[in-house]
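On a predicted model such as this, the values are computed, not experimentally measured, just so you know. Position 1 is the first residue of the sequence, and the numbers go up from there.
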Amino acid sequence: MNKIRFLVDVLYELGVAAIIGVSLGYVLARFIMAMPAKTELAKSMVGLGALAATLLIYGVTEYAGGYGFIATFIGTVVIKNYDQSHEYQKAMHAFTEKTERILMSVILIAFGAAVAGGLLSSLTWPMVICAVIIVFIIRPIAGVIGLVGFNRAPWRDRFAISFLGMRGIGSFYYLAYALNEEDFEGPEELWALVGLVVLITIFVHGISATPINEKLDEMREKENKALN
């Protein structure tokens, strides 16, 4: 039984996600880049088309029984890396950046309301310690490991990226997906733990991101002056 679940839940669903993500991403990228756009308004609509493309990838993958979230990620990477010199890439980047900020604001407002409504009421001291370890040890180490082959940036930048990383908002999706698929003991505790990780991340990164980036910029400027 476990072997069958492994074949279905891991190999099949990941394989379907990878295949659909790559194939649909490539087809949609060619279609988007081929659309004529002679006005600024038409160019701005390309970003909306890219968003629709990612939603299409998600829906097709879920219908085929794969992981739609993973397929969407792969598809967006394919679209982003397809003909990077194309003029539409700048329009898509601007659109997705604005969309991300709007959605992030909505999610953070909802998160704040959830915290005020008692999201963290199930926390215990062991869970608090676990959240601190995740933010300051486990996630940075995982980030460093993931950037081992990224040679375009020096190690100091990779360490900074690994520490700052993401706010962890995606964890809400993963947890909601897991709880929807299977029954776990203590879902309230799981939500509280994930919520605390995100809350710590927001405060820590909000305070440290600017000084860290400024320090990195100073180091780059000194290196450039030394080279010149």
Side-chain angles (χ1 to χ4, degrees), residues 9-10 13-14 16-18 20-21 47 50-63 65-77 80 95-147 161-209:
D9 295 343
V10 179
E13 295 192 16
L14 284 177
V16 168
I20 294 179
L51 178 61
T54 58
L55 295 176
L56 176 63
I57 294 172
Y58 183 92
V60 171
T61 306
E62 286 290 326
Y63 184 79
Y67 289 116
F69 190 81
I70 296 176
T72 302
F73 172 77
I74 295 174
T76 53
V77 172
K80 176 63 179 176
F95 178 86
T96 53
E97 186 176 17
K98 291 177 181 178
T99 304
E100 179 187 4
R101 290 180 179 178
I102 294 172
L103 292 177
M104 181 65 70
S105 299
V106 173
I107 292 173
L108 290 178
I109 292 172
F111 175 61
V115 171
L119 176 66
L120 307 181
S121 59
S122 301
L123 284 174
T124 61
W125 280 111
M127 294 169 64
V128 173
I129 295 173
C130 181
V132 172
I133 292 174
I134 290 172
V135 173
F136 291 98
I137 299 177
I138 295 177
R139 193 165 60 186
I141 291 176
V144 170
I145 294 173
L147 293 171
I161 293 171
S162 300
F163 174 71
L164 295 175
M166 303 295 290
R167 291 186 177 87
I169 300 297
S171 302
F172 292 140
Y173 171 86
Y174 298 128
L175 181 57
Y177 186 89
L179 293 176
N180 187 58
E181 292 293 322
E182 297 289 344
D183 294 327
F184 294 92
E185 294 184 5
E188 295 82 6
E189 287 79 6
L190 292 174
W191 279 112
L193 176 60
V194 172
L196 181 59
V197 169
V198 174
L199 186 62
I200 294 174
T201 303
I202 291 173
F203 277 102
V204 172
H205 291 181
I207 295 171
S208 62

Closest heavy-atom pair and its distance - Ala209, Leu164: CA-CD2, 4.0 Å
Would you tabulate the side-chain donor-acceptor contacts of residues 53-61 under 3.5 Å, counting partners in other chains and residues two or more places apart, or write 'none'?
residue, atom, partner, partner atom, Å
Thr54, OG1, Leu51, O, 2.6
Tyr58, OH, Tyr173, OH, 3.3
Thr61, OG1, Ile57, O, 2.7

Non-hydrogen side-chain atoms of Val77 and Lys80 separated by less than 4.5 Å: no
Val194 side chain near Leu190 side chain, heavy-atom distance below 4.5 Å: no
Spacing of CG belonging to Leu196 relative to CD1 belonging to Ile134, to within rounding of 0.5 Å: 9.0 Å
Ser162 and Arg139: side chain donor to acceptor below 3.5 Å: no
Flag, side chain of Glu13 to backbone of Tyr67, donor-acceptor distance under 3.5 Å: no
More than 12 heavy atoms from other groups under 6.0 Å of CZ on Phe73: no
Within 6.0 angstrom of Phe184 CZ, more than 12 heavy atoms from elsewhere: yes
Qualifying residues under side chain to side chain contact (heavy atoms under 4.5 Å, CB included), relative to Val204, sequence neighbours excluded: Phe136, Phe163, Ile200, Ser208
When the side chains of residues 102-123 are checked against the rest of the protein, which donor-acceptor pairs come out under 3.5 Å, sequence neighbours left out?
residue, atom, partner, partner atom, Å
Ser105, OG, Arg101, O, 2.9
Ser121, OG, Gly118, O, 2.8

